[in-house]
Student: 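The structure that follows is given in the form of structure tokens.
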Amino acid sequence: MKLAVIGNGIMGACAAAWLQREGHHVTFIDPLGPAEATSFGNAGSLSPSACLPVGMPGMWKKVPSWLLDPLGPLAVRWWYAPVVAPWLVRFLRASDRAEVVRIATALRHLLEPIFDCYEPLLQRAGAMGLMRRSGCLYVYSGEEAARQWAWGMKLRRSLGVHMRDVAEDELVSLEPDLKGRFRFGILAPENGSTLDPAAFTRAIFEQCVKDGAAVVRKRVTGFDMAGGTVRAVQLDDGTRHETDGVVLAGGAWSAKLANQLGPAIPLETQRGYHVTVESNNLALTHTVMAVEHNLMVNPMRMGLRLAGTVEFAGLKAAPDWRRADSLLARGQEMFPHLDTSRTTRWMGHRPCLPDSLPVIGRAPRAENAWFAFGHGHVGMCGAASTGREVANLVAGRMPQIDLSPFSPTRFRRAA
């Protein structure tokens, strides 16, 4: 089949790579180059343990105080509050214990095969060196602090995530730069990360092009439909691209197109920020999640990346660079000896659904269109397994994981 893949990020690249393995001809359609949006600046985690949703039990108690702090872990621009309010209500509804267990179970199934699904793509691209499996350390000021998050860690373990407690002496032995600030940790040894998310994405994308994928630098505005199938995609220059099928993997920009192919999907952008400390003088070997700081710290080849927080302000508002600066301040609190003489800042759009689950499945109104977007905080983690499942769906095969929790119609059922 000749398939149009809408999106040049990690999701589109992985879907295209898996489809090419099935013999399909792929055309990427995106006004941007590969990894020029969200896939450029994410935290780079490749974590089978990242199966907990964003909304956790009891979070509703913290939301009011967070919203009063413009630099807190959750911020809403005042003028955007009426727009995002219905989404936030759904988000809080999805945070009760039974829902969190259901969501975490589905995410665990999606994320467990991360490395099995990435390895054939990276081997083909000659880019295995961009992936490492050095583990992730969740760190705390002490065991008492860690007990606040014990329920979520217990849930991870119950779903088969290998995690072990790390006392202070071993923690300092594993990561000497943590000495003095953290006295307890939990190691997820099966986790990994990428040394460079943008290069990682581009390697898979560029191998797709070497293997025959075409590239169209245009924005898709709609679809030509006939008899319940997509016959062509409409482009922003007034032209059309004929196709045998479509994979929508446009990240935070997917909603308008998805709504033409099915019931409305409540996709939001959680605007995330990062700071990369290019002058990094630390010797970290693990990805570090400072849970109390809500900060992911990942040593990359271009420097130490500090990422975290959520902001709601839509797709068009200018960045609030104070949020990036606050990440750097937290990093300096964690590592007082960190050399911050050279840094860069970035803001990007995480495509998020209120239940923290992506949309993966056939479009309800088109038998030859498939959705693969909305992965939120686990886009890099879930892209390869999502690509594999998209290839299974296109081929008419039974998926290798249960895709029913990711159904494009689940929000219609919940309405």
Side-chain angles (χ1 to χ4, degrees), residues 2-20 24-44 46 118 121-122 124-127 129-131 194-221 233-241 243 246-257 267 269 271-274 276 278 300-303 305 307 315-316 318-319 344-351 372-375 379-384 386-387 390:
K2 294 181 179 180
L3 297 171
V5 174
I6 302 173
N8 280 352
I10 190 62
M11 208 61 56
C14 286
W18 277 100
L19 289 166
Q20 284 184 321
H24 299 293
H25 178 77
V26 170
T27 298
F28 289 103
I29 307 179
D30 194 313
L32 301 176
E36 289 187 3
T38 311
S39 297
F40 173 84
N42 68 72
L46 300 173
Y118 265 125
L121 309 187
L122 294 172
R124 175 74 177 167
L130 290 172
M131 183 172 69
T194 172
L195 294 169
D196 186 333
F200 187 93
T201 301
R202 288 171 187 146
I204 298 172
F205 176 91
E206 289 166 4
Q207 186 60 48
C208 289
V209 174
K210 290 177 184 177
D211 289 337
V215 179
V216 175
R217 291 289 180 85
K218 304 290 182 182
R219 185 178 301 280
V220 176
T221 58
V233 295
Q234 301 163 359
L235 305 177
D236 57 358
D237 63 353
T239 62
R240 55 198 297 277
H241 175 84
T243 186
V246 172
V247 175
L248 178 54
W253 292 266
S254 299
K256 288 184 179 180
L257 294 176
L267 184 70
T269 166
R271 295 151 58 96
Y273 292 78
H274 86 219
T276 300
E278 296 177 346
M300 297 184 178
R301 66 182 185 183
M302 75 290 286
R305 180 157 293 175
L315 290 167
K316 296 180 180 179
T344 60
R345 303 179 300 183
W346 174 89
M347 187 278 289
H349 298 276
R350 304 184 191 103
F373 61 85
H375 290 68
M380 190 67 67
C381 298
T386 298
V390 166

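Nothing fancy with the numbering, it's 1 onward along the sequence.
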Student: Are side-chain heavy atoms of Arg345 and Tyr273 found at a separation under 4.5 Å?
Tutor: no

Student: Donor-acceptor pair, distance only, cut-off 3.5 Å: does the side chain of Gln20 make one with the backbone of Cys208?
Tutor: yes

Student: Is it the case that the side chain of Thr194 and the backbone of Leu130 share a donor-acceptor pair, with hydrogens and angles ignored and the cut-off at 3.5 Å?
Tutor: yes

Student: Suppose the criterion is side chain to side chain donor-acceptor pair (under 3.5 Å): which pairs have a residue in residues 206-215, not counting sequence neighbours?
Tutor: Arg124-Asp211, Gln207-Asp211

Student: Please report the closest heavy-atom contact between Tyr118 and Ala383, naming both atoms and the distance.
Tutor: OH-CB, 3.5 Å

Student: Looking only at heavy atoms, what is the nearest atom pair of Gly212 and His25, with distance?
Tutor: O-CE1, 3.1 Å

Student: Find the distance between CG (Asp196) and OG1 (Thr201) and round it off to the nearest 0.5 Å.
Tutor: 8.5 Å

Student: Verify side chain to side chain contact (heavy atoms under 4.5 Å, CB included) between Val215 and Phe205, making sure each step is shown before the conclusion.
Tutor: CA-CA 10 Å; Val215 179; Phe205 176 91; 3.9 Å; yes

Student: Between the main-chain N or O of Gly379 and the side-chain N or O of Arg350, is there a donor-acceptor pair closer than 3.5 Å?
Tutor: no

Student: Are Arg305 and Thr276 close enough, and set up right, to give a side chain to side chain contact (heavy atoms under 4.5 Å, CB included), and what steps lead you there?
Tutor: CA-CA 4 Å; Arg305 180 157 293 175; Thr276 300; 3.1 Å; yes

Student: I'd like to know if the side chain of His274 reaches the main chain of Gly41, judged simply by a donor and an acceptor atom lying under 3.5 Å from each other, with no hydrogens or angles considered.
Tutor: yes

Student: With heavy-atom distances below 4.5 Å as the criterion, would you say the side chains of Leu122 and Phe200 are in contact?
Tutor: yes

Student: When rounded to the nearest 0.5 angstrom, what distance separates CE in Met11 from OG1 in Thr386?
Tutor: 5.0 Å

Student: Starting at CG of Asn8, measure out to CD1 of Ile29 and round the result to the nearest 0.5 Å.
Tutor: 9.5 Å

Student: For a quick test of reading the model, state the closest non-hydrogen atom pair linking Phe28 to Ala16 and the distance between them.
Tutor: CZ-CB, 3.4 Å

Student: Minimum heavy-atom separation for Met302 to Leu195, with atom names?
Tutor: CE-O, 3.9 Å

Student: Kindly list each side-chain donor-acceptor pair under 3.5 angstrom involving residues 31-39, sequence neighbours excluded, with atom names and distances?
Tutor:
residue: Glu36; atom: OE1; partner: Gly33; partner atom: N; Å: 3.1
residue: Thr38; atom: OG1; partner: His349; partner atom: O; Å: 2.6
residue: Ser39; atom: OG; partner: Ile10; partner atom: N; Å: 2.9

Student: Would you call the rings of Phe40 and Trp346 parallel, tilted or perpendicular if under 30° counts as parallel and over 60° as perpendicular?
Tutor: tilted

Student: Can you name the nearest heavy-atom pair linking Met300 to Asn42, along with the distance?
Tutor: CE-O, 4.0 Å

Student: Minimum heavy-atom separation for Cys14 to Ile204, with atom names?
Tutor: SG-CD1, 4.2 Å

Student: Using modelled atom types only, decide if a donor and an acceptor are shared between the side chain of Thr239 and the backbone of Leu235 within a distance under 3.5 Å.
Tutor: no

Student: Tell me if a side-chain donor or acceptor on Thr243 pairs with a main-chain N or O of Lys2 at a distance below 3.5 Å.
Tutor: yes

Student: Does the side chain of Val5 reach to within under 4.5 Å of the side chain of Thr27, using non-hydrogen atoms?
Tutor: no

Student: Can you list the steps and then say if Trp18 with Leu121 is a side chain to side chain contact (heavy atoms under 4.5 Å, CB included)?
Tutor: CA-CA 8 Å; Trp18 277 100; Leu121 309 187; 3.5 Å; yes

Student: So, using side chain to side chain contact (heavy atoms under 4.5 Å, CB included) as the criterion, who are the partners of Pro351 when residues are at least two apart?
Tutor: Ala252, Leu267

